[in-house]
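Atoms within each ligand, like the ligands themselves, are counted from 1 in listed order.
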Amino acid sequence: MLLSQQWEYILMAMPTSPPSPTSPSNPRDGMTALTDDAERNRLLAEMAEQSTDMISRHTPEDWRFIYVSPAVTHLLGYTVEEIVGMSAHDLYHPDDVEDFAHRASSVSYEKGLYTHTYRFRCKDGHYTWLESTSRSIRDPDTGELREMLVVSRDASRRIGAEQANRRLARVLESSSDLVVFLSPDLTITLLNESARRLLSISQHAKEPCVLAELLTADSYAQFSEDGLPSAVSSGCWTGELEMVGSEGSMIPVALELLAHSVLHGQVEYFSLVARDLSEAKAAETKLKQYQAEIDHATRLITMGELASSLAHELNQPLTAIVNYVRGIQRRFKDSDIVSWDELQLPLDKTAATALRAGEIIHRMIDFTRKREPARERLSLYDVVHDLIEFCGPNAERHNVQLDDRVDSSLPEVLADRIQLEQVLLNLLVNAIEASEQSAECTALMVTVEASLTPDCMLLIRVRDQGVGLPTGHPQQVFERFFTTKAKGLGMGLAISRSLVETLGGELWAENNPDGGASFLFSLPLAE
Ligand code: ADP
């Protein structure tokens, strides 16, 4: 209870003038009033002597102590004898003097009862906070101010707590994070400055009153379904949500929700601290964009590396088409009537060959096109089969044989087709180059295998019989710009690893016990 409330009643009850036998409070019943006043004063004096609050009486002009209760020793360190006769004015903190002088007049001349908090110098020189309620005592006949009656209590703890609260409030207000306090029914009870600024709530605008107004519909649903129950049960929930900014714009935030409980586990209020992720997300998007551009550039480079083999591969069907057409020209140039039976075969062959050439071109265009990645269910069998066919001419040029051992019964994976092709193509081209043989030697083998892992991933292995991983740097092959090739860029494996990780798997390399290297990567299965 505040001092003012507790003592107000007593101070109000005290006579405003010291009791005198010649001035009974009730002239009609002089003796009884006299006895009552004497008894009351005795009781009050006893209370004052025993109270832990300090009771003091002062001269009205310079506030000298006329009387002080023993609590003064505990509160200020002085004995009663030491402080009586001293002026309270000399003991106020210099910063409070003006304040006090201003209020002192109201104590004396206005309401007659005043409570205020100020610093008072103790005997050892340090200042302590006191909360005092003062009352003026007047002469009942003349109204002249006779003395001041004051009850004081140590307020250091309360002031300390208030200062700590003010400091906390300042930290809260100046925090760059958004802070929102919510009542258990999710009514907003406080928004700090950052929250108002980011959510474009002006000082005078009507405040949003419930959390649903601050979050997008999807985020509010996630908050209600996941966040709130977790915070209530475990005290805390963190997640990423979207808040609604000015003109409905979306602000991504990393959010921490704390449930503050009173005894018996009942939530008293929630605090929500959110960090604006707009800049981080924008940087992430930019980085992804750069990454995609690098990926695209390396695809163009890989395709460039394959270009001469592919040109050779395209040359074959084109020559075949020319030969078929020339054959038809030669055969039928002198005939007026041509039978379909004679034409069907060379025309079918021409069409099929042209389609094959078209497929090669399509694949090249597809592979080098700039596009957004999109995950889909893919059959590894089909992807590997197509790629092995695609790399056939390149392998032939390097005198390498490709062996496709992927089983068609394997479950499908969830991946982006072009990203998966980019990884596989990279590994195949590297394996072919590492296994290159001169034409007179027996061709080495590059094998692609796949199997299921115990943790339900698909494990793909590209195994070669080539030179093996660079001695002394087996793991450096995944570092950007690491290359042992004269015209190498050293980007292929670094990009392949990040692509596999994006797809939810891992890529690593090892030397085979019987020579050559293996590159292995895992991919999650499609559900
Ligand atoms: P680049 O092919 O441009 O050099 P990569 O990142 O694809 O870039 O490969 C980096 C290096 O890793 C290669 O230069 C080579 O030294 C090594 N490497 C890659 N694949 C194999 C492999 N199958 N066998 C041996 N070394 C390999």
task: Could you tell me which atoms of ligand 1, counted from 1 in the order shown, lie closer than 4.0 angstrom to a heavy atom of Gly488?
output: 3 (O)
- prompt: Under the side chain to side chain donor-acceptor pair (under 3.5 Å) rule, what pairs show up with a residue in residues 341-354, not counting sequence neighbours?
  reply: Arg331-Glu342, Ser339-Glu342
- prompt: What about Lys485: any of its N or O atoms under 3.5 Å from an N or O on ligand 1?
  reply: yes
field: Verdict with supporting geometry, Arg461 and Ser518, side chain to side chain donor-acceptor pair (under 3.5 Å)
entry: CA-CA 6 Å; Arg461 176 194 284 258; Ser518 280; 3.1 Å; yes
- request: Let me know which of Val429, Val383, Asp386 forms a side chain to side chain contact (heavy atoms under 4.5 Å, CB included) with Leu424.
  value: Val383
message: I'd like to check whether Phe482 has a polar contact with ligand 1, where a contact means an N/O of the residue lying under 3.5 Å from an N/O of the ligand.
response: no
- prompt: Considering distance alone, does some N or O of Leu493 sit under 3.5 Å from an N or O of ligand 1?
  reply: yes
- request: For Thr483, take its heavy atoms, then give the atoms of ligand 1 lying under 4.0 Å from any of them.
  value: 1 (P), 4 (O), 14 (O)
- prompt: Can you tell which part of Phe519 has a heavy atom less than 4.0 Å from ligand 1: side chain, backbone, both or neither?
  reply: side chain
Residue pairs, two or more places apart or on separate chains, that pass ring-ring contact (aromatic ring centres under 6.0 Å, His included) and touch residues 429-450: none
- prompt: Relative to atom 1 (P) of ligand 1, which among Gly490, Gly492, Ala517, Ala434 owns the nearest non-hydrogen atom?
  reply: Gly490
query: Atoms of ligand 1 less than 4.0 Å from Thr484 heavy atoms?
result: 13 (C), 14 (O), 15 (C), 16 (O)
message: Closer than 3.5 angstrom, by distance alone: can the side chain of Ser234 be matched with the main-chain N or O of Ala231 as a donor-acceptor pair?
response: no
task: Flag the pair Leu241 / Gln222 as yes when at least one side-chain heavy-atom distance between them is below 4.5 Å, and no otherwise.
output: yes
message: I'd like to check which ligand 1 atoms, numbered from 1 as shown, lie under 4.0 Å from a non-hydrogen atom of Leu489.
response: 3 (O)
field: ligand 1 atoms in contact with Gly468 (distance to a heavy atom under 4.0 Å)
entry: 25 (C), 26 (N)
query: Does even one non-hydrogen atom of Pro470 get within less than 4.0 Å of ligand 1?
result: yes
message: Return the OG to CE distance between Ser249 and Met243, rounded to the nearest 0.5 Å.
response: 11.5 Å
task: Classify the contact between Val462 and ligand 1 as side chain, backbone, both or neither, using a heavy-atom distance cut-off of under 4.0 Å.
output: neither
message: Ignoring hydrogens, what is the shortest heavy-atom contact between Leu507 and Leu493? Give both atom names and the distance.
response: CD2-O, 4.2 Å
